[in-house]
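Okay, structure first, notes after.
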Amino acid sequence: DVKVTQSSRYLVKRTGEKVFLECVQDMDHENMFWYRQDPGLGLRLIYFSYDVKMKEKGDIPEGYSVSREKKERFSLILESASTNQTSMYLCASSLNEQFFGPGTRLTVL
Amino acid sequence: QKEVEQNSGPLSVPEGAIASLNCTYSDRGSQSFFWYRQYSGKSPELIMSIYSNGDKEDGRFTAQLNKASQYVSLLIRDSQPSDSATYLCAVRLARQLTFGSGTQLTVLP
């Protein structure tokens with residue numbers, strides 16, 4: 001079974017803090033993705049990566065950056081958290097079929 | 001125009017009935033098609049994938065694809081209250097998935 005894990009299920013941060021969300025997959029997948037999901041807006045792609053040290057912007061990259069130093073690990077960074085980044089963050093990995101991690105519910109106060 | 005559209009919900013069916021979920025997509029180059037189930041507060045879970053025209057059955061689930069009509073559907077036979085969830089249609093073009101906004105299904109006991 002594919003396993004995608006995320007570092008935290010719930011996270012509370014203050015405005016202006018730097019936030020790291022980590023994602024690890026154990027299936028040697030090339031592709032990894034970060035989404036956010038908000039009520040009424042659906043799943044929106046933030047960034048994705050198709051190889052180590054490679055990254056591509058998704059639909060809403062502003063305010064975020066990513067890092068992929070190893071194939072199994074893909075990190076999402078909020079350089080200076082803001083209240084409008086309060087959301088559910090979902091990591092996924094794929095060869096063809098895409099599998100999601102459990103999600104991190106981030107609250108920025 | 002949205003790239004992936006799903007029939008607006010919510011959809012309610014009685015227990016034991018067939019639930020029919022529909023999805024249309026705009027890009028004729030789309031290659032692969034997926035259905036995800038998402039329970040409230042949880043991450044999306046892949047339940048069906050389909051790659052060629054026709055039907056694909058897996059237990060109580062049947063996915064149907066018609067590329068000429070740019071249409072994909074999911075039928076759930078013998079619906080159970082545990083099937084109550086939001087169902088997301090996803091379409092793959094190149095490395096990315098594009099998701100529909102989801103259809104909320106309620107199965108009434």
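Note on naming: letters A, B, ... go to the chains in the order of the sequence lines (proteins, then strands), and numbering restarts at 1 for each one. Keep in mind the model is a prediction, meaning the values are calculated, not measured.
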| message | Working note: R92(B) + N96(A), criterion side chain to side chain contact (heavy atoms under 4.5 Å, CB included); need CA distance, chi angles, decisive distance, verdict. | response | CA-CA 9 Å; R92(B) 187 170 74 89; N96(A) 185 33; 2.6 Å; yes
>> Under 4.5 Å from any heavy atom of chain A, what part of R95(B) do you find: side chain, backbone, both or neither?
In response: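 Interface part for R95(B): both.
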Self-check item: chain A contact via Q6(B) - side chain, backbone, both or neither, heavy atoms under 4.5 Å
Solution: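 Contact with chain A involves no heavy atom of Q6(B) at all.
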[atom1] of [X] to [atom2] of [Y]: how many Å apart, nearest 0.5 Å?
X       : Y      : atom1 : atom2 : value
T98(B)  : D59(A) : OG1   : CG    : 7.5 Å
F100(A) : K42(B) : CZ    : NZ    : 16.0 Å
S101(B) : L41(A) : OG    : CG    : 10.5 Å
F99(B)  : Q37(A) : CZ    : CD    : 9.0 Å
L46(B)  : E97(A) : CG    : CD    : 5.0 Å

Structural part of R44(A) lying under 4.5 Å from a heavy atom of chain B |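 For R44(A), there is no contact with chain B at all, as no heavy atom is under 4.5 Å.
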Check your understanding: Does any N or O in the side chain of Y36(B) come within less than 3.5 Å of the main-chain N or O of F99(A), such that one atom is a donor and the other an acceptor?
Key ->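 No; zero donor-acceptor contacts below 3.5 Å.
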*Is the backbone N or O of G101(A) less than 3.5 Å from a side-chain atom of S43(B), with the two atoms forming a donor-acceptor pair by type?*
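Side chain of S43(B) to backbone of G101(A), a donor-acceptor pair under 3.5 Å: yes, one is there.
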- Query: Q96(B) and F33(A): which non-hydrogen atoms are nearest, and at how many Å?
  - Reply: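 Q96(B) and F33(A) have their closest heavy atoms at CA-CE2, 4.4 Å.
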